[in-house]
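One structure below.
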Amino acid sequence: MDGTLVHGDSGAELIRYLIGCQWWRRVLATVIAPVGFSLMAIGATRRVGVSIFFWIATVGLSELSLELAIDAFVKSHRAHRIEPTIAALQSSMDTGFEAVIATGAFQALAERLVAGLQLRGAPRVVGSTIRRFAGGFVANIQANGPSKLRRLAECGVHPPFRCAWSDSRSDLPLLCAADEAHWVTIHDRAPREVQARLPGVIVHTISPS
């Protein structure tokens, strides 16, 4: 979804929104930022880094309060659509193919943002899951990298896929599990690592947001 259907990182924008609602969350996030960002920069510890910031953003909130906060965020959030890829998704759905939007964004957030795209038909949405921890919420299963395939399998979606679209190197396992791989980028070509693994990758150059 992020970087493929819409510009930006919706999960990070939600966390910034929630943290920005109260001064003490902003202070706590600033103090922990050096550690949190260092953890997020490494694939093996990314979930821990995300969890730290998400916990700061949600500690003290009930499930209902979090749902209402996500609703408020989506209402105020202006999604920057990537029209060519949205059109390609719609075309596939119109011709009868089942579409699944797998994203690292939290499930509840992803469902609301996909609904806002106003697609004809209802693509399945598979996002990251969260769980309760110490009065707040943390990431449970992140739909990123190899975990995206595991999360899809949990939801009954198994490879091989007819085609897969992405803008992230972390999605190489997903792209390699598809008969046809599509790369979305603001540049003219896919990264060397992607080209090496997927010499037949189809590149779609889009305008920056």
Side-chain angles (χ1 to χ4, degrees), residues 1-16 33 35-54 79-80 82 84-86 88-89 99-111 113-114 123-131 138-206 208-209:
M1 182 179 71
D2 294 331
T4 305
L5 297 175
V6 294
H7 289 286
D9 184 332
S10 57
E13 290 172 16
L14 171 64
I15 290 173
R16 282 195 293 269
V35 173
F37 284 127
S38 296
L39 291 169
M40 289 176 64
I42 303 170
T45 57
R46 176 175 169 78
R47 183 170 64 88
V48 177
V50 171
S51 290
I52 289 172
F53 287 111
F54 196 55
H80 297 281
I82 303 176
T85 53
I86 291 176
L89 171 62
V100 180
I101 298 175
T103 173
F106 307 115
Q107 183 75 33
L109 173 62
E111 289 173 353
L113 292 177
V114 170
R124 293 183 63 182
V125 179
V126 175
S128 297
T129 62
I130 60 176
R131 62 180 175 87
V138 296
N140 183 28
I141 300 175
Q142 274 207 285
N144 293 111
S147 294
K148 183 169 286 186
L149 288 175
R150 290 196 292 272
R151 178 78 177 112
L152 283 165
E154 282 186 351
C155 297
V157 182
H158 302 277
F161 310 117
R162 188 183 74 86
C163 66
W165 295 60
S166 182
D167 73 317
S168 173
R169 289 181 179 88
S170 69
D171 278 336
L172 266 172
L174 174 71
L175 294 171
C176 289
D179 296 331
E180 189 176 279
H182 295 256
W183 185 260
V184 181
T185 179
I186 61 172
H187 306 293
D188 294 328
R189 64 183 64 186
R192 289 181 181 177
E193 179 185 0
V194 175
Q195 291 177 325
R197 293 280 301 278
L198 296 162
V201 66
I202 301 168
V203 178
H204 303 267
T205 303
I206 60 171
S209 59

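Here the structure is a predicted model, which means the values were calculated and not measured.
- Here the side chains of Asp167 and Thr185 are not in contact, with every heavy-atom distance at 4.5 Å or above.
- The environment of Arg192 atom CZ is sparse: at most 12 non-hydrogen atoms of other residues, nucleotides or ligands sit within 6.0 angstrom.
- In this structure, Val126 and Thr103 have side chains that are not in contact, with every pair of non-hydrogen atoms separated by 4.5 Å or more.
- For Arg124, the CZ atom sits in a packed shell: over 12 heavy atoms of surrounding residues, nucleotides or ligands are nearer than 6.0 Å.
- Partner Thr205 forms a side-chain contact (heavy atoms from CB on, under 4.5 Å) with one of Val184, Ile186, Asp188 and no other, that one being Asp188.
- No side-chain heavy atom of Phe53 sits less than 4.5 Å from a side-chain heavy atom of Leu39.
- A distance of 6.0 Å separates CG of Leu198 from CG of Leu175, quoted to the nearest 0.5 Å.
- Taking the side chain as every heavy atom from C-beta outward, Glu154 and Ile141 approach each other to under 4.5 Å.
- The side-chain heavy atoms of Val125 and Met1, taken from C-beta on, include no pair separated by under 4.5 Å.
- A donor and an acceptor atom, one from each side chain of Ser166 and Ser168, are nowhere located under 3.5 Å apart.
- Residues Leu5 and Leu89 meet the side-chain proximity criterion, which asks for heavy atoms closer than 4.5 Å.
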Next on the checklist: Would Leu113 and Val6 count as a side-chain contact (heavy atoms from CB on, under 4.5 Å) here? Give the steps.
Outcome noted: CA-CA 9 Å; Leu113 292 177; Val6 294; 5.9 Å; no
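- Between Trp165 and His204, the ring planes are parallel. Angles under 30° get that label, and only those over 60° would be called perpendicular.
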